[in-house]
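Okay, so here's the structure we're looking at.
Below, all heavy atoms of this structure are taken into account, side chains as well, without hydrogens, waters or symmetry copies. We count residues from 1, following the sequence as given. We count ligands from 1, going down the list as the structure has it; atoms in each ligand are counted the same way.
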Amino acid sequence: MQKRALAIHDISCIGRCSLTVCLPILSAVGIETVVLPTAVLSTQTGGMTGFTFHDLTSEMTPITDHWKALGQTFDVIYSGYLGSLAQAKLVEDIICDFKREHSLVVVDPVMADNGEYYSLMTPEFTDEMRSLCKNADIITPNLTEAAFLLDRPYYPHPSEKEIEELLRGLAALGAKKVVITGVSFEGNSLGAAAYDSETGEISYAFTDRVNAIFHGTGDVFGSSLVASVMSGKKLSEAIRIAMDFTFRAIKRTLAAGTDLRFGVQFELELPYLMRELGVL
Ligand code: PXL
């Protein structure tokens, strides 16, 4: 039977992040993707000025009330960038209302990167995201979000021991599996670290590091991770596929020389992901 996802993220009209990344990636691997937009922005916010922002909090309950009346459920619920503090509690309720017994819940506590909150995010989001992470099977913070969630200082180059402390600390918040992105031990490699609290397994996946800020890559990684896990890949394999897919899109973008604020060229790498996941 076809799998069905609920993606709860913003629509950044331009900028290849959130829903404009999640929807094509999950669809490409054969997952029906239902969307619940948290906000509409003219562009993503990183490196941008003058963007518009329209919060959709007041639409969310009427939308989900209608879905309840239609008896809808989802095999995976994947949340990311929220448009207001109040949405964290709404997402917790949505998870309770729409998951089935074996559904996967993935929470990306999108708030910050490179040691700083994104422009519309404030420290108050940290408490809300921490509480949302309790309900998740998998959480996917970057290194900055991991530090903020645990109320620790952010170090761009932590040791392996520090990464493992972060992984275990985050699992203690309640999530079964933790994936930290933006991990770099050596200067020239960048990757993801994963911890499965049920098996105790820790795994890593690295690619070459490119010294630039690539907007939306957390969502390209997260969406391809969700696609991989939903296709039956174990976590260690899923982070490898998601890292490779994201890095391929980064290389394509660098070769094309396009404005990095408009996201990475993942579109023509979709066949790679589809082949890895056995749908092509
Ligand atoms: O990819 C994270 C993200 C999502 N949505 C919006 C953003 C960002 C990162 O800056 O600005 C609107």
Contacts under 3.5 angstrom, residues 234-244 side chains, donor-acceptor by atom type, not counting sequence neighbours:
{"residue": "Glu237", "atom": "OE2", "partner": "Arg240", "partner atom": "NH2", "Å": "3.2"}
{"residue": "Arg240", "atom": "NH1", "partner": "Asp244", "partner atom": "OD2", "Å": "3.0"}
{"residue": "Arg240", "atom": "NH2", "partner": "Glu276", "partner atom": "OE1", "Å": "3.1"}

Phe245/Phe221 aromatic ring centres below 6.0 Å: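 Here the rings of Phe221 and Phe245 have centres that are no less than 6.0 Å from each other.
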
Residues clustered with Tyr155, ILVMFWY side-chain links under 4.5 angstrom: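 Direct or chained contacts put Tyr155 with none.
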
Qualifying salt bridge (charged side-chain N to carboxylate O under 4.0 Å, His left out) pairs with a residue from residues 27-53, counting only residues at least two apart or across chains: Arg4-Glu32

Arg152 and Glu165 ion-paired at < 4.0 Å: yes

Contact residues of ligand 1 (heavy atom under 4.0 Å), by chain and number: Asp10, Ser12, Cys17, Ser18, Leu41, Gln44, Thr45, Gly46, Tyr81, Val110, Tyr118, Asp219

Minimum heavy-atom distance Tyr154-Ala147, with the two atoms named: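 In terms of heavy atoms, the two residues are closest at CA-CB, 3.9 Å.
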
